[in-house]
Enquirer: 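Just passing along the structure, written as structure tokens.
Note that these values count all heavy atoms, side chains included, but never hydrogens, waters or copies made by symmetry. The sequence lines fix the lettering, A, B, ..., with proteins before strands; numbering per chain opens at 1. Note that the structure is a prediction, hence the values are computed from the model and not measured.
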There are 2 protein chains.
Amino acid sequence: MTPAPNPDRRSAQARRNILDTTIELIARNGHANVTIEAIAAAAGVGKTTIYRWWPSKGALALDAINDHVGEALDFPDTGDVVADLRGQITELVNLLNGDIGVVFRGVIAEAQSAPAIGAAILETIIEPRTRACQARLVTAVAVGQLRADIPTRAMVELLYAPVYYRLLLGADALRPQDVPDLLDHCLTGLRSPAGDRMAP
Amino acid sequence: MTPAPNPDRRSAQARRNILDTTIELIARNGHANVTIEAIAAAAGVGKTTIYRWWPSKGALALDAINDHVGEALDFPDTGDVVADLRGQITELVNLLNGDIGVVFRGVIAEAQSAPAIGAAILETIIEPRTRACQARLVTAVAVGQLRADIPTRAMVELLYAPVYYRLLLGADALRPQDVPDLLDHCLTGLRSPAGDRMAP
DNA sequence: ACGCAACGATACGTAGCGTATCGCTACAAT
DNA sequence: ATTGTAGCGATACGCTACGTATCGTTGCGT
């Protein structure tokens, strides 16, 4: 293996240009249609520099996402879990409807054949926010706003799965204004409150 | 454009070999790690033959999926919508946990940067089964088993989104034995039946 | 002033793309 | 029976991007 480079001597300027250019190029052309050489050229950087710090285009794009999103999407606690979820999911939907959404789709795509990328997505994006959401749900369960007989982990998946389903498999994007209904359906359930009146 | 080939003179043998080999190779190595040249070689076929009938690896893989799945995953109607959903979703989970799951993940991945593939997935896989599910839900609504104030389209997404979420973003696969609980959570909802007892 | 390591640039061999061009063969029309 | 047609497998082609190696250059710490 090539000797590891020294992060202390790393050019902050080159890193910034690379991360910004990555988002811009992928957002415009799609992940699969952007080459590392093109990113290097557009960023005014030697492609050696990219390969020195990132092992693949997917890893670079994932880094660019995390750099751009930063501390956004943190979880509030107003006491009303429905309002908190509505706010957070709406914010996520807005983010995914922009440039970040295109880049994220590409990274998830690459992860389907590259387990290392999948693990990195989970570790840097999904898991931290899942845990934050779980923590919020735990307090909601404690005050009786949510059922206590469902693992909060399962709740998180149930709430966010439709967002990612629409991102990756939907005919069109989920709109922010659709979030309240979506949330209500998850919370109230599909079963009729009237019960089964099939047989007379 | 190259003149369209005549389907009547197409070699059924070559088509069979290509479709079977595609599933086999992608299931073993992952979509991104299989080349059309490798499929042609393993199928004992000239790569010209593949390019003559399929425009891309994604289109070929999608065809191979549809060929292998065939009429499976049809929708029963036993009168009990919960049992019917449980059976159908379990069947889907089993399918996605096998070779088809690997191939499908690859096709969805390719679709993220290739809108034509995405449209083809919707048209040949998602939409027909969504409509079949919707039809079953409509009868369930009619007999009072499901709420009448949620569009059946939204219900379908709510039920199936967690399956695809786990397929594409999960740390590990959804097990068939997890389906009943998942279904119950969707049907009953996350909100506590006791109501909010936060403030004394 | 010096040395080191990251930098941008460039060259390189390799893999796979998608197309073109071979006879060869199976089948349909005559 | 003969002939024409068109899909077939094989092979060669130019091209693009990959990922690595190797330059001289530059900027920073000592």
Enquirer: Between N33(B) and S113(A), do the side chains contain an N or O donor and an N or O acceptor separated by less than 3.5 Å?
Expert: no

Enquirer: Can you tell me the distance, in whole Å, between the CD1 atom of I50(A) and the C1' atom of dC18(D)?
Expert: 13 Å

Enquirer: Would you mind checking if D67(B) and R16(B) are paired as a salt bridge, meaning a charged N to carboxylate O distance below 4.0 Å?
Expert: yes

Enquirer: Could one point to a donor on the side chain of T48(A) or the base of dA6(C) with an acceptor on the other under 3.5 Å away?
Expert: no

Enquirer: Distance check needed: dA11(C) C1' versus E37(A) CD, whole Å only.
Expert: 12 Å

Enquirer: When the distance from CZ of R10(B) to C1' of dG7(D) is rounded to whole Å, what number comes out?
Expert: 11 Å

Enquirer: Walk me through whether W53(A) and R15(A) qualify under side-chain contact (heavy atoms from CB on, under 4.5 Å).
Expert: CA-CA 9 Å; W53(A) 297 109; R15(A) 177 175 174 278; over 6 Å; no

Enquirer: How long is the line joining CD1 of I36(A) and P of dT16(D), in whole Å?
Expert: 18 Å

Enquirer: Whole Å only: how far is the CZ atom of R15(B) from the P atom of dG9(D)?
Expert: 14 Å

Enquirer: When the axes are fitted on five pairs at both termini, how much does the helix from dA1(C)-dT30(D) to dT30(C)-dA1(D) curve, in 10° steps?
Expert: 20°

Enquirer: With no hydrogens and no angle check, do the side chains of Q112(A) and H31(B) hold a donor and an acceptor under 3.5 Å apart?
Expert: no

Enquirer: How long is the line joining NZ of K57(A) and C1' of dG19(D), in whole Å?
Expert: 14 Å

Enquirer: On a plain distance test, is the side chain of K47(A) in donor-acceptor contact with the base of dG19(D) below 3.5 Å?
Expert: yes

Enquirer: Quick one: which residue pairs count as a ring-ring contact (aromatic ring centres under 6.0 Å, His included) with a foot in residues 141-180 of chain A, not counting sequence neighbours?
Expert: Y164(A)-Y165(B), Y165(A)-Y164(B)

Enquirer: Measure the distance from CZ on R52(B) to C1' on dA10(D) and round it to the nearest whole Å.
Expert: 12 Å

Enquirer: Is a donor from one side chain sitting under 3.5 angstrom from an acceptor on the other, for T130(A) and R153(A)?
Expert: no

Enquirer: Between dA6(C) and W53(A), is there an OP1 or OP2 to side-chain N/O distance shorter than 4.0 Å?
Expert: no

Enquirer: Using a 4.0 Å heavy-atom cut-off to protein, can you give one letter per nucleotide of nucleotides 23-30 of chain D, 5' to 3': B if the base is in contact, S if only the sugar-phosphate is, - if neither?
Expert: ----B---

Enquirer: Please confirm whether the shortest side-chain N or O distance from W54(B) to OP1 or OP2 of dG18(C) is below 4.0 Å.
Expert: no

Enquirer: Expressed as a whole number of angstroms, how long is the span from E110(A):CD to dC18(D):P?
Expert: 11 Å

Enquirer: When you match S56(B) and A12(A) each to their closest nucleotide on DNA chain C, which lands nearer the 5' end?
Expert: A12(A)

Enquirer: What about L169(A) and L182(A), same hydrophobic cluster or not, with Ile/Leu/Val/Met/Phe/Trp/Tyr joined at side-chain heavy-atom distances under 4.5 Å?
Expert: yes

Enquirer: Flag the pair R166(A) and D172(A) as a salt bridge only when some basic side-chain nitrogen lies within less than 4.0 angstrom of an acidic carboxylate oxygen.
Expert: yes

Enquirer: So does K57(A) pair up with E37(A), basic N to acidic O under 4.0 Å?
Expert: no

Enquirer: Does any donor atom in the side chain of N17(B) or Q13(B) lie under 3.5 Å from an acceptor atom in the other side chain?
Expert: yes

Enquirer: Quick check on dG9(D): is either OP1 or OP2 less than 4.0 Å from any side-chain nitrogen or oxygen of T49(B)?
Expert: yes

Enquirer: Nearest to the side chain of P5(B) - dG7(D), dG16(C), dC18(D)?
Expert: dG7(D)

